[in-house]
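Since the model is a prediction, treat every value here as computed from it, not as a measurement.
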Amino acid sequence: MMNSRGNILLPEEEDLLLNALQQTGGNIYKSRDGFGSYLWMHKKSFQFKDLNKRNSYLDAFDSLLERKMIKYEAGIRYRLAAKGREMAESITSHTIL
């Protein structure tokens with residue numbers, strides 16, 4: 001999706017932003033298991049057995065972090081930054097239900 005400012009998001013980036021906004025009020029958690037790192041939120045896990053899918057979400061997470069749409073909080077917790085929250089709200093307002 002491209003927003004009004006021309007920012008292009010991958011589907012995984014959109015998914016992370018929307019879930020963070022809707023499920024946790026902005027929190028994203030990054031944990032590790034026997035297969036490596038994975039992301040989760042209150043009621044949603046991005047701990048896919050398919051490592052390609054898991055890695056695509058981790059890449060999306062890194063991209064959002066690099067673009068300052070999410071910020072490190074403490075421990076395993078990250079949160080939506082103002083820019084990420086604005087983007088998630090923009091996506092929500094343009095989604096046809």
Q) CG/L58 to CG/L65 distance, rounded to the nearest 0.5 angstrom? A) 12.0 Å
(Q) Check whether T92 reaches the backbone of A88 with its side chain - one donor and one acceptor, N or O, closer than 3.5 Å. (A) yes
Q: With rounding to the nearest 0.5 Å, note down the distance linking CD in Q47 to CG in L39.
A: 10.5 Å
Q. In this structure, are over 12 heavy atoms from other groups packed under 6.0 Å from K71 atom NZ?
A. no
Q) Which distance, rounded to the nearest 0.5 Å, do you find between the NZ of K83 and the CG of L17? A) 11.0 Å
Q: Could you tell me the separation between the CD1 atom of I70 and the CD1 atom of I28, rounded to the nearest 0.5 Å?
A: 4.5 Å
Q) Hey, mind stepping through N27 and H42 against side-chain contact (heavy atoms from CB on, under 4.5 Å) and telling me if it holds? A) CA-CA 8 Å; N27 292 317; H42 179 64; over 6 Å; no
Q) At what distance, to the nearest 0.5 angstrom, does CG of D59 lie from CD of E66? A) 11.0 Å
Q: Please lay out, stage by stage, how L9 and M69 fare under the test side-chain contact (heavy atoms from CB on, under 4.5 Å).
A: CA-CA 11 Å; L9 293 176; M69 290 192 196; 4.2 Å; yes
Q: Indicate if I76 and Y57 have the same hydrophobic cluster label, given that clusters are the connected sets of ILVMFWY residues with side-chain heavy-atom separations under 4.5 angstrom.
A: no
(Q) Check whether R85 reaches the backbone of G25 with its side chain - one donor and one acceptor, N or O, closer than 3.5 Å. (A) yes
(Q) Quick check against the 3.5 Å criterion: does R54 have a side-chain atom that pairs as donor or acceptor with the backbone of F48? (A) yes
Q: Any chance you could lay out the side-chain contact (heavy atoms from CB on, under 4.5 Å) test for E89 and L21, step after step, and finish with the verdict?
A: CA-CA 8 Å; E89 289 170 349; L21 181 67; 3.8 Å; yes
Q: Please check if the side chain of Q23 supplies one atom and the backbone of K43 the other of a donor-acceptor pair under 3.5 Å.
A: yes
Q) OH/Y72 to CZ/R77 distance, rounded to the nearest 0.5 angstrom? A) 9.5 Å
Q.
So which atom in M41 and which in A20 form the shortest heavy-atom distance, rounded to 0.1 Å?
A. SD-N, 3.3 Å
Q. Looking at F46, Y38, W40, which hits side chain to side chain contact (heavy atoms under 4.5 Å, CB included) with Y29?
A. W40
Q. Centres of the F61 and Y78 rings: under 6.0 Å?
A. yes
**Q.** Residue pair E13 / R67, side-chain heavy-atom distance below 4.5 Å
**A.** yes
